[in-house]
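In the text below, chain A, chain B and the rest are named by the order of the sequence lines, each starting its count at 1.
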Number of protein chains: 2
Amino acid sequence: MPDQKGSADPRPPAASSIGLLEPQKDARPAAGANLLFLREEEIRLAQDLLFFAYRDFTNAADVILEELGLGRAHHRALHFIGRNPGITVSDLLAILRITKQSLARVLTVLMEEGYVAQTQGRADRRQRLLTLTQTGQALERRLFERQRERLLGAYREAGGVAVDGFRRVMRGIMDESARDYLDQHDPAETRARRA
Amino acid sequence: MPDQKGSADPRPPAASSIGLLEPQKDARPAAGANLLFLREEEIRLAQDLLFFAYRDFTNAADVILEELGLGRAHHRALHFIGRNPGITVSDLLAILRITKQSLARVLTVLMEEGYVAQTQGRADRRQRLLTLTQTGQALERRLFERQRERLLGAYREAGGVAVDGFRRVMRGIMDESARDYLDQHDPAETRARRA
DNA sequence: CAAACTACGTCAGCTTTATTGACTCACTTT
DNA sequence: AAAGTGAGTCAATAAAGCTGACGTAGTTTG
């Protein structure tokens, strides 16, 4: 039980810099609009949210990974190969934003253990297209199920409108290139519904 | 009392538990409501969202950290010390979920560089209460500003309702203990507005 | 009060995950 | 034929985490 601030609380001027940037004379009466005045505290809360949600979300799959002697890096590779069957090594590198050598180590293990297979590119034979094997798909699914439980619970509690908001904000946080990537996976069908 | 789990949730039932899992014969034309039928793809999209948003959000501060020879671990410590002045070492450990030794390495650097100061606990003199020095506050602010830009942009684009949804979903994803922690920082004032 | 427990620090050794830079090989493009 | 690209690999290194064990000061309790 954290008891912080229990005793001698050296906390400096707490709500010190409230009005962030412009005091923003929010004239809009729209519902929820008052939530939008972005004081510092609101942003700091979001930092916390990202940290905890990501921490616990990734953690959900760790038990399984540990059994198999794999790490999160392997999970990430499995996830993106599974979602992009036939992806090239360089495309995968661009998604993960790690170096070729870091990826190589991970891929080597995944191929040795029979989770991932390579096939030579047809158009460009220099390419090694990555896919999940049956085993790989099965593992990815186990990992997925764990994380799915969490998201399902969160989605249920929050409701559909909240989920939509969640998506919008998350998209806004990431780089434009990441949004572009997502749009390839989330094409017309879903985007249409969003409009 | 902070809202635990789903029970006793004071929040408006809104469009919560719509046809989840069920193929949902959506009669409602309400915007976003039909987004809620949780096919596998929807969950996988969320995995992507978390990965990219977290990747790019944390990345935003990396440039500054690199200049100073610090890493993300240092940033996390700075952030949570800044947000909990006078926090004890063990409380910080509980938040970060790393081992004492890992934290020790980080804290040693931060204290050597003059970003963090320790004071002996008054009630319990075994405790070493951690605070940011002036320098530490200044650095934390620089890092904060970078991440703030991103969030500000995302919040503006998404709008107040979306931000509220984002918060709800993120809270739902994390462990209950993390939600409890947040409730200490986000007391009456903010929660009231949310209702 | 003495024993037991707690908060913190630290030593020693280890693993995972990442990094940079240079190089080869096979293939494609110009 | 030359230049460029996709992929793999070598070697060396770093950041950030881990376990287990132990010491010391301080607190709580039988």
Side-chain angles (χ1 to χ4, degrees), chain A residues 1-4 6-8 51 54-55 58-59 61-63 65-78 81 86-113 116-131, chain B residues 51 54-55 58-59 61-63 65-78 81 86-113 116-130:
Chain A
M1 285 301 213
D3 87 309
Q4 60 236 55
S7 53
F51 174 76
Y54 191 78
R55 181 195 70 176
T58 54
N59 213 305
D62 283 352
V63 190
L65 290 167
E66 202 172 5
E67 280 173 17
L68 300 168
L70 302 175
R72 288 180 188 173
H74 303 95
H75 187 188
R76 288 193 286 268
L78 282 173
I81 295 172
I87 190 174
T88 65
V89 171
S90 58
D91 285 350
L92 186 52
L93 282 174
I95 290 176
L96 296 173
R97 297 243 185 113
I98 58 178
T99 57
K100 196 167 28 162
Q101 295 72 10
S102 294
L103 180 57
R105 196 180 347 87
V106 168
L107 281 184
T108 301
V109 172
L110 291 177
M111 291 192 291
E112 281 173 358
E113 308 280 331
V116 168
Q118 272 184 339
T119 60
Q120 207 171 42
R122 294 222 307 167
D124 185 335
R125 293 192 334 227
R126 289 171 303 180
Q127 296 178 332
R128 308 299 159 87
L129 309 182
L130 303 168
T131 49
Chain B
F51 174 76
Y54 191 78
R55 181 195 71 176
T58 54
N59 212 310
D62 283 352
V63 190
L65 290 167
E66 202 173 5
E67 280 174 16
L68 299 167
L70 302 175
R72 288 180 188 174
H74 303 95
H75 187 188
R76 287 193 287 270
L78 281 174
I81 295 171
I87 191 175
T88 65
V89 171
S90 58
D91 285 348
L92 186 52
L93 283 174
I95 290 175
L96 296 175
R97 297 243 185 112
I98 58 176
T99 58
K100 197 166 32 161
Q101 295 71 12
S102 294
L103 180 57
R105 195 177 350 87
V106 169
L107 281 184
T108 301
V109 172
L110 290 177
M111 291 193 291
E112 281 173 359
E113 308 281 329
V116 168
Q118 273 185 338
T119 60
Q120 205 169 47
R122 295 220 309 167
D124 184 337
R125 289 188 342 222
R126 291 170 305 180
Q127 297 176 330
R128 308 297 160 85
L129 309 181
L130 302 169

Interatomic distance where CG belongs to Leu103(A) and P belongs to dT9(D) [whole Å]: 12 Å
Side-chain N or O of Gln118(A) less than 4.0 angstrom from OP1 or OP2 on dG8(D)? yes
With Arg125(B) via salt bridge (Lys or Arg N to Asp or Glu O under 4.0 Å) - residues at least two apart: none
At under 4.0 Å between heavy atoms, how does the protein contact nucleotides 1-6 of chain D? Give one character per nucleotide, 5' to 3', with B, S or -. ---BBS
Expected output is a numbered-order residue list: members of residues 104-112 of chain A with a heavy atom under 4.0 Å from any atom of DNA chain D. What is it? none
So which atom in His75(B) and which in Leu65(B) form the shortest heavy-atom distance, rounded to 0.1 Å? CB-CD1, 3.9 Å
How close or far is atom C1' of dC18(D) from atom CD1 of Ile98(B), stated in whole angstroms? 11 Å
Just to verify, what does Arg105(B) make a side chain to side chain contact (heavy atoms under 4.5 Å, CB included) with, not counting sequence neighbours? Ser102(B)
Of all nucleotides in DNA chain C with an atom under 4.0 Å from a non-hydrogen atom of chain A, which is the first and which the last going 5' to 3'? dT17(C) to dT28(C)
Between Ala73(A) and Gln101(A), just flag the one whose closest nucleotide in DNA chain C comes earlier from the 5' side. Ala73(A)
For Asp62(A), all residues meeting side chain to side chain donor-acceptor pair (under 3.5 Å), sequence neighbours excluded: Arg72(A)
How long is the span from the CZ atom in Arg55(B) to the CZ atom in Arg76(A), to the nearest 0.5 Å? 11.0 Å
Whole-Å gap separating C1' (dT9(D)) and CG (Leu93(A)): 14 Å
Not counting sequence neighbours, which residues clear side chain to side chain contact (heavy atoms under 4.5 Å, CB included) with Leu92(B)? List them please. Phe80(B), Ile81(B), Ile87(B), Leu96(B), Leu103(B), Leu130(B)
Walk me through whether Leu129(B) and Gln120(B) qualify under side chain to side chain contact (heavy atoms under 4.5 Å, CB included). CA-CA 6 Å; Leu129(B) 309 181; Gln120(B) 205 169 47; over 6 Å; no
Step by step, work out the side chain to side chain contact (heavy atoms under 4.5 Å, CB included) result for Thr88(B) and Arg128(B). CA-CA 6 Å; Thr88(B) 65; Arg128(B) 308 297 160 85; over 6 Å; no
Rounded to the nearest angstrom, tell me the gap between atom CZ in Arg97(B) and atom C1' in dC18(D). 16 Å
With Glu112(B) via salt bridge (Lys or Arg N to Asp or Glu O under 4.0 Å) - residues at least two apart: none
Might you point out which heavy atoms bring Val106(A) and Ala77(A) nearest each other, and give the distance in Å? CG1-CB, 4.0 Å
Base, sugar-phosphate alone, or nothing: which one does Ala77(B) contact when heavy atoms must sit under 4.0 Å apart? nothing
Across all chains, not counting sequence neighbours, the salt bridge (Lys or Arg N to Asp or Glu O under 4.0 Å) partners of Arg126(A) are Asp124(A)
Under 4.0 Å: is that the gap between some side-chain N or O of Thr99(B) and OP1 or OP2 of dG17(D)? no
Restricting to side chain to side chain contact (heavy atoms under 4.5 Å, CB included), what partner residues turn up for Gln101(A), sequence neighbours left out? Thr99(A)
Does Asp91(A) have any salt bridge (Lys or Arg N to Asp or Glu O under 4.0 Å) partners at least two apart in sequence or in another chain, and if so, which? none
Kindly express the pairing pattern of DNA chain C in dot-bracket notation, using | wherever a base pairs with another strand and counting only Watson-Crick or G-U pairs under 3.5 Å. ||||||||||||||||||||||||||||||
